[in-house]
> 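Below you will find the structure I want to go over with you.
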Amino acid sequence: MCGIWAIFGSPDDTSIQCNAAHKITHRGPDAFRIETIHHFPTCCLGFHRLAIVDDLQGMQPMRVFSISHVWLIYNGEIYNHQQLQKEFDFHYATKCDGEAIIHLYAQGGIEFAAKHLDGVFSFCLLDTANRKVFLGRDTYGVRPMFRLYNDNGFLAVCSEAKGLIGLSQEAYSEHVEPFLPGHVETYKLDMLDKNEVKENIRILFEAAVEKRLMAERRIGCLLSGGLDSSLVASILAKKAKEMKLSYRIQTFAIGMENSPDLLAARKVANFLETEHHEVVFTPEEGIAALEEVIYHLESYDVTTIRASVDNHYKSDNSKGTSVPSPLVMSALSGPDIAHMHASLRISH
């Protein structure tokens, strides 16, 4: 057996973290190598070798001159490496069976490589040209591999879990787990900063609401008091003030008497100072609406129907408001958004 160890996107000093690689020294008594990658200071690859074939050129991390942007560390045996060489006319630089992984990847990508391998293996392949990391493990998981991945985009892999313990200073977000057998996974080295991700979400969310304000008619918002609808309502109210709209934003909530949704929506509406309207219905009224709801949905899908009954009542009752909003925003999922078009047609 051999031992592989690697870290990517490390926020800490890799020269200190690489000491963790020595926890699996017993897996490769013949040689040890650890390498940092030029122009990739947050990455490091380590390998403990049990020499089986090609004692001269078989050391890892493995690279071949013709595909110099690819780095490989693997543990296992590729039984069909010679057949692959003949089938695809590969020009091997070593006598190591694992070199086939590099050539297969260069030929057709990581999925292509994985499906052509006959053997027992776990591997980590770094493509510096495309700034990606690939992990793979044989179908039955004969060769072990563990992975650590945290919320900040720090990735670490090792043949044994002990080589990953204590690597990340953010222990609360550490989660060491076995890499699933029969799987390959892809990771991008250009992970976004956590704060940048949050900022991008905010920008995209606000833009999604703002671009829907192009109408010349009054705009309202469905409000349940939950996270999604409250965010949409708050951004809508904010944009309405920035655009100096001549009317207050109307919000609409629905539920049974004293239901949690009505109470929560009322709190949000008071905070946002919207013109708030509530629709109260009974279980009997909900059942009575089913036939008409199904007629407009043209579907018997249970989930869609269940989510659509309350929207039917909200849209139908919005006609009774003093200044109805013919256009109503919502924070519903895809199937429910499709239904909203049917509901709004009812309210016109």
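From a predicted model like this one, the values you see are computed outputs, not experimental measurements.
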> Please confirm whether the backbone N or O of His69 pairs with a side-chain atom of Thr128, one donor and one acceptor, at under 3.5 Å?
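Flag set: sc Thr128 to bb His69 pair under 3.5 Å.
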
> Would you sort out whether Gln57 and Lys95 count as a side chain to side chain contact (heavy atoms under 4.5 Å, CB included), showing the intermediate values?
CA-CA 8 Å; Gln57 296 178 295; Lys95 296 179 182 178; 6.0 Å; no

> Looking at Ala264 and Ser224, what are the two nearest heavy atoms and their distance?
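Smallest interatomic distance, heavy atoms only, reads CB-O, 4.1 Å.
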
> Between Gln17 (side chain) and Leu167 (backbone), is there a donor-acceptor pair under 3.5 Å?
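Answer holds: yes.
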
> If only atom types and distance count, is the side chain of Arg63 paired as donor or acceptor with the main-chain N or O of Ser68 below 3.5 Å?
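Yes; judged by distance alone, with no hydrogens or angles, the pair exists.
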
> Which heavy-atom pair separates Leu72 from Gly98 by the least distance, and what is that distance?
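Minimum heavy-atom separation between Leu72 and Gly98: CD2-O, 3.4 Å.
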
> Salt bridge or not for Glu206 and Lys211, using N-O below 4.0 Å?
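Looking at Glu206 and Lys211, the cut-off is not met.
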
> Determine, step by step, whether Arg143 and Glu77 satisfy the side chain to side chain contact (heavy atoms under 4.5 Å, CB included) criterion, reporting the C-alpha distance in whole Å, the side-chain angles of both residues, the deciding distance to 0.1 Å, and the verdict.
CA-CA 9 Å; Arg143 291 293 182 264; Glu77 289 82 41; 2.7 Å; yes

> Within a strict 4.5 Å, meaning less than it, do heavy atoms of the Ile305 and Ser299 side chains meet?
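Side chain of Ile305 against side chain of Ser299, heavy atoms only: no contact under 4.5 Å found.
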
> Going through the distances and angles, do Phe88 and His116 end up as a ring pair (Phe, Tyr, Trp, His ring centres under 6.0 Å)?
CA-CA 11 Å; Phe88 296 105; His116 279 87; 5.4 Å; yes

> In the structure I gave you, are the side-chain heavy atoms of Leu125 and Leu135 within less than 4.5 Å of one another anywhere?
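Side-chain contact under 4.5 Å: no.
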
> Would Met62 and Leu45 show up in the same hydrophobic cluster when neighbours are defined by side-chain heavy atoms closer than 4.5 Å?
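Per the 4.5 Å side-chain linkage, Met62 and Leu45 are not co-clustered.
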
> Do Thr282 side-chain atoms and Glu285 backbone N/O form a donor-acceptor pair below 3.5 Å?
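A pair under 3.5 Å: yes.
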
> Mark yes or no for whether Ser234, through its side chain, and Leu231, through its backbone, hold a donor-acceptor pair below 3.5 Å.
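Yes, Ser234 side chain to Leu231 backbone: donor-acceptor pair under 3.5 Å.
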
> What distance do Lys239 atom NZ and Leu245 atom CG have between them, rounded to the nearest 0.5 Å?
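These two atoms lie 12.0 Å from each other.
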
> For residues Phe146 and Pro178, determine if any side-chain heavy atom of one lies less than 4.5 Å from a side-chain heavy atom of the other.
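Heavy-atom side-chain distance check passes, below 4.5 Å.
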
> Within the distance-only criterion (no hydrogens, no angle test), does the side chain of Asn130 pair as donor or acceptor with the backbone N or O of Lys132 below 3.5 angstrom?
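A pair under 3.5 Å: no.
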
> Between CD1 of Ile73 and SG of Cys158, what distance do you get to the nearest 0.5 Å?
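Here the interatomic distance stands at 9.0 Å.
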
> So Val184 and Phe134, do their side chains get closer than 4.5 Å, heavy atoms only?
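No - every pair of side-chain heavy atoms lies 4.5 Å or more apart.
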
> Using the side chain to side chain donor-acceptor pair (under 3.5 Å) rule, take His103 and Glu99 through it: C-alpha gap first, then chi angles, then the decisive distance, then the call.
CA-CA 7 Å; His103 291 275; Glu99 186 182 341; 2.8 Å; yes

> Hey, mind stepping through Arg137 and Glu185 against salt bridge (charged side-chain N to carboxylate O under 4.0 Å, His left out) and telling me if it holds?
CA-CA 10 Å; Arg137 194 174 175 198; Glu185 289 185 357; over 6 Å; no

> Between atom OG of Ser229 and atom CZ of Phe252, what is the distance when rounded to the nearest 0.5 Å?
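Here the interatomic distance stands at 13.5 Å.
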
> Does a side-chain heavy-atom distance below 4.5 Å link Ile34 with Cys44?
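The answer is yes, as the side chains (C-beta and beyond) meet within the 4.5 Å cut-off.
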
> Scan for salt bridge (charged side-chain N to carboxylate O under 4.0 Å, His left out) pairs involving residues 20-39, sequence neighbours excluded, and state none if there are none.
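Only Arg27-Glu160, Arg33-Glu35 qualify under salt bridge (charged side-chain N to carboxylate O under 4.0 Å, His left out).
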
> Check step by step if side chain to side chain contact (heavy atoms under 4.5 Å, CB included) holds for Met243 and Leu213.
CA-CA 10 Å; Met243 298 171 64; Leu213 300 179; 3.5 Å; yes

> Between Val293 and Val302, is there shared hydrophobic-cluster membership here, with clusters defined by ILVMFWY side-chain heavy atoms closer than 4.5 Å?
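As far as the 4.5 Å side-chain criterion goes, Val302 and Val293 are not connected within one cluster.
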
> Stepwise, does the side chain to side chain donor-acceptor pair (under 3.5 Å) test hold for Glu177 with His175?
CA-CA 6 Å; Glu177 59 186 1; His175 183 53; 3.2 Å; yes

> Kindly work out whether a path of hydrophobic side-chain contacts (I/L/V/M/F/W/Y, heavy atoms less than 4.5 Å apart) joins Phe121 to Val142.
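No, no single cluster joins them.
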
> Report the residue from Tyr149, Phe179, Phe154 that forms a ring-ring contact (aromatic ring centres under 6.0 Å, His included) with Tyr187.
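The ring-ring contact (aromatic ring centres under 6.0 Å, His included) with Tyr187 is passed solely by Tyr149 among Tyr149, Phe179, Phe154.
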
> Look up atom CD1 in Ile249 and atom NE2 in His276, then write down how far apart they are to the nearest 0.5 Å.
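Ile249 CD1 to His276 NE2: 14.0 Å, rounded to 0.5 Å.
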
> Is there side-chain contact between Trp71 and Ile37, with at least one heavy-atom pair below 4.5 Å?
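Yes, at least one pair of side-chain atoms sits under 4.5 Å.
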
> At their closest point, which heavy atom of Val279 faces which heavy atom of Leu262, and how far apart are they?
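Heavy atoms of Val279 and Leu262 come nearest at O-CD2, 4.4 Å.
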
> Going by the side chain to side chain contact (heavy atoms under 4.5 Å, CB included) test, name the single residue among Leu84, Ile102, Val64 that passes it with Tyr92.
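Checked Leu84, Ile102, Val64 against Tyr92; only one passes side chain to side chain contact (heavy atoms under 4.5 Å, CB included): Leu84.
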
> For atom CD of Glu291, decide whether the heavy atoms of other residues, nucleotides or ligands shown that lie under 6.0 angstrom number more than 12.
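Not buried by this count: 12 neighbours or fewer within 6.0 Å.
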
> Just by distance, do the side chain of Ser10 and the backbone of Thr42 share a donor-acceptor pair under 3.5 Å?
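Answer holds: no.
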
> Are Ile78 and Val120 in one and the same hydrophobic cluster, where Ile, Leu, Val, Met, Phe, Trp and Tyr link if side-chain heavy atoms are under 4.5 Å apart?
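In one cluster: no.
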
> Ignoring hydrogens and geometry, is there a side-chain-to-backbone donor-acceptor pair from Asp301 to Thr304 under 3.5 Å?
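Side chain of Asp301 to backbone of Thr304: a pair is present.
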
> Got a donor-acceptor contact below 3.5 angstrom from the Arg131 side chain to the Asp127 backbone?
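Checking the backbone N and O of Asp127 against the side chain of Arg131, no donor-acceptor pair under 3.5 Å is found.
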
> Check the side chains of Glu275 and His277 for a donor-acceptor pair under 3.5 angstrom, ignoring hydrogens and angles.
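Distance-only check passes for His277 and Glu275.
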
> Is the Phe47-Phe32 ring centre distance short of 6.0 angstrom?
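No.
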
> Which heavy atom of Met256 sits nearest to which heavy atom of Val280, and what is that distance?
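Heavy atoms only, the tightest pair is C-CG1, 4.1 Å.
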
> Less than 4.5 Å apart, any side-chain heavy atom of Ile254 and any of Asp261?
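No; the side chains remain at least 4.5 Å from each other.
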
> Kindly determine whether Ser122 and Ile4 satisfy side chain to side chain contact (heavy atoms under 4.5 Å, CB included), including the steps that lead there.
CA-CA 9 Å; Ser122 59; Ile4 63 173; 4.1 Å; yes

> Once ring-ring contact (aromatic ring centres under 6.0 Å, His included) is applied, do any residues pair with Phe205, and if so which ones, sequence neighbours excluded?
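Expected list: none.
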
> Mind checking the CD1-CG spacing from Ile24 to Asn75? Nearest 0.5 Å is all I need.
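Here the interatomic distance stands at 9.0 Å.
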
> Does Thr25 have any side-chain contact (heavy atoms from CB on, under 4.5 Å) partners at least two apart in sequence or in another chain, and if so, which?
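Result, side-chain contact (heavy atoms from CB on, under 4.5 Å) vs Thr25: His22, His48.
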
> Identify the two heavy atoms, one from Gly119 and one from Asp138, that lie closest to each other, and give their separation to 0.1 Å.
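Taking Gly119 first and Asp138 second, the nearest heavy atoms are O-CB, 3.7 Å.
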
> Sub-3.5 Å donor-acceptor pair from the side chain of Arg248 to the main-chain atoms of Thr274, do we have one?
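At least one qualifying donor-acceptor pair exists.
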
> Is Leu227 reachable from Val209 through a run of I, L, V, M, F, W or Y residues, each pair having side-chain heavy atoms under 4.5 Å apart?
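Yes.
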
> Any side-chain heavy-atom pair from Val70 and Leu126 closer than 4.5 angstrom?
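No - every pair of side-chain heavy atoms lies 4.5 Å or more apart.
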
> How far does OG1 of Thr251 sit from CD of Glu278, to the nearest 0.5 angstrom?
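Taking OG1 in Thr251 and CD in Glu278, the distance rounds to 9.0 Å.
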
> Could you report the tightest heavy-atom contact between Cys96 and Tyr74, atom names first, then the distance?
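Looking at all heavy atoms of both residues, the shortest contact is CB-OH, 4.2 Å.
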
